[in-house]
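Below: the structure, in structure tokens.
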Amino acid sequence: MIASMTAPALEIRGLARNFGALAVARHIDLVLERGARHALIGPNGAGKTTLVNLITGVLKPSAGRVLLDGDDVTGLPQAARARRGIARTFQINQLFRGLTVLENVCLAVAERTGAARRMFPSVRRDAAMIDEALAQLDGLRLAGDALVPVRELPYGRQRLVEIALALAQRPRVLLLDEPAAGVPSAESHLILDVVASLDPDIAVLIIEHDMDVVFRFARRISVLVAGAVMTEGTPEEIRADPRVRAVYLGESGDRHG
Ligand SMILES: Nc1ncnc2c1ncn2[C@@H]1O[C@H](COP(=O)(O)OP(=O)(O)OP(=O)(O)O)[C@@H](O)[C@H]1O
Ligand SMILES: [Mg+2]
């Protein structure tokens with residue numbers, strides 16, 4: 001257990017993956033310390049979402065390792081990694097749109113506590129689950145929407161529900177893949193406020209195209225280009241790096257569509 005007290009929350013060593021002839025991850029190294037605020041930036045198609053899929057176990061790497069609190073989880077399936085504390089949100093929302101907000105969060109809580117797999121449900125456990133889900137929603141100022149079907153919520157609030165689901169997993173590592181994508185700018189501050197006030201113990205990796213958001217949020221930034229980390233540094237270092245300006249910041253008109 002000594003290792004887990006000193007090891008980074010998440011460590012990626014030499015992660016590689018091809019899609020046919022296309023190398024989408026080329027020997028990627030990345031370390032998230034406990035409580036990290038790390039941004040992953042790079043042009044469309046750089047391999048950012050693929051990296052999240054490799055970390056969470058959606059995809060198997062062809063080489064390299066993923067360590068969580070110092071433990072190698074590379075061989076573990078997605079659900080086992082989730083139980084060990086890796087949570088993610090998706091670039092495009094993946095909620096049960098016909099269910100209410102509360103039902104969606106309860107499903108996530110049940111998944112974590114094992115209630116979803118229990119043969120004999122209990123009223124007391126259900127009540128505890130609902131209390132926890134409501135507290136989670138309250139923390140995100142979504143309690144007023146608890147009984148609303150997700151499909152009836154404005155898109156910005158749907159994306160907040162996704163964050164609520166990820167937090168219901170009580171993660172140690174949270175991977176946010178463009179949490180404000182598709183949200184009108186009038187609403188995006190709701191999401192960015194939540195992201196800014198996440199539990200400081202959770203290590204957060206955010207993928208985000210809006211550079212104002214990135215520079216405000218991140219303490220470290222990795223720049224991914226064509227499947228490889230081109231550079232990593234503090235926001236100041238990244239802002240001053242002429243290569244980054246050339247491949248990425250220079251294309252600031254190229255927002256995600
Ligand atoms: N399942 C797949 N099979 C084949 N190619 C894929 C697959 N998924 C992604 N790709 C390709 O891998 C590359 C990396 O895609 P990825 O979605 O990881 O990029 P990204 O950095 O997240 O881009 P964006 O900013 O547009 O979200 C792209 O060229 C994409 O077309
Ligand atoms: Mg992506």
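Note that the coordinates shown come from a computational prediction; the quantities given were computed from them, not determined experimentally. If you read the sequence from its start, that first residue is 1, and numbering goes on from there. As a basis for the values below, the full set of heavy atoms in this structure was taken, side chains included, without hydrogen atoms, waters or symmetry mates. Whatever order the structure lists them in is the order used to number ligands and atoms, beginning at 1.
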Derivation of the side chain to side chain contact (heavy atoms under 4.5 Å, CB included) call for Val229 and Leu30: CA-CA 9 Å; Val229 177; Leu30 186 73; 5.9 Å; no
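Annotation: Arg97, atom CZ; neighbour count of heavy atoms from other residues, nucleotides and ligands within 6.0 Å is above 12.
Per-residue contacts place His209 under 4.0 angstrom from the following atoms of ligand 1 (heavy atoms of the residue considered): 25 (O). For ligand 1, the atoms lying closer than 4.0 Å to a non-hydrogen atom of Gly47 are 14 (C), 16 (P), 18 (O), 19 (O), 20 (P), 21 (O). With ligand atoms numbered from 1 in the order given, ligand 1 contributes 14 (C), 15 (O), 16 (P), 18 (O) to contacts under 4.0 Å with heavy atoms of Thr50. Counting atoms of ligand 1 from 1 in the listed order, those under 4.0 Å from a heavy atom of Val24 are 12 (O), 13 (C), 14 (C). In summary, the atoms of ligand 1 found under 4.0 Å from a heavy atom of Glu178, numbered by their order in the structure, are 25 (O), 27 (O).
Partners of Pro154 according to the side chain to side chain contact (heavy atoms under 4.5 Å, CB included) rule, which considers only residues two or more places apart in sequence or in another chain, are Arg157, Glu187. The salt bridge (Lys or Arg N to Asp or Glu O under 4.0 Å) check on Arg151 picks up nothing, with sequence neighbours excluded.
With hydrogens and angles left out, the side-chain atoms of Asn53 and Arg88 include a donor and acceptor closer than 3.5 Å.
Because the distance cut-off is set at 2.8 Å, Thr49 qualifies as a neighbour of the Mg ion (ligand 2) through one of its N, O or S atoms.
Using a cutoff of 4.0 Å between basic side-chain nitrogens and carboxylate oxygens, Glu11 and Arg13 are scored as salt-bridged. A salt bridge does not link Arg172 with Asp201: every distance from a Lys NZ or Arg NE/NH1/NH2 to an Asp or Glu carboxylate oxygen is 4.0 Å or more.
Considering backbone and side-chain atoms alike, Phe19 places every N or O at 3.5 Å or more from each N or O of ligand 1. By the 3.5 Å distance cut-off applied to N or O atoms, Gly42 is not counted among the residues near ligand 1.
Contacts between Leu22 and ligand 1, counted as non-hydrogen atom pairs separated by less than 4.0 Å, involve the side chain only.
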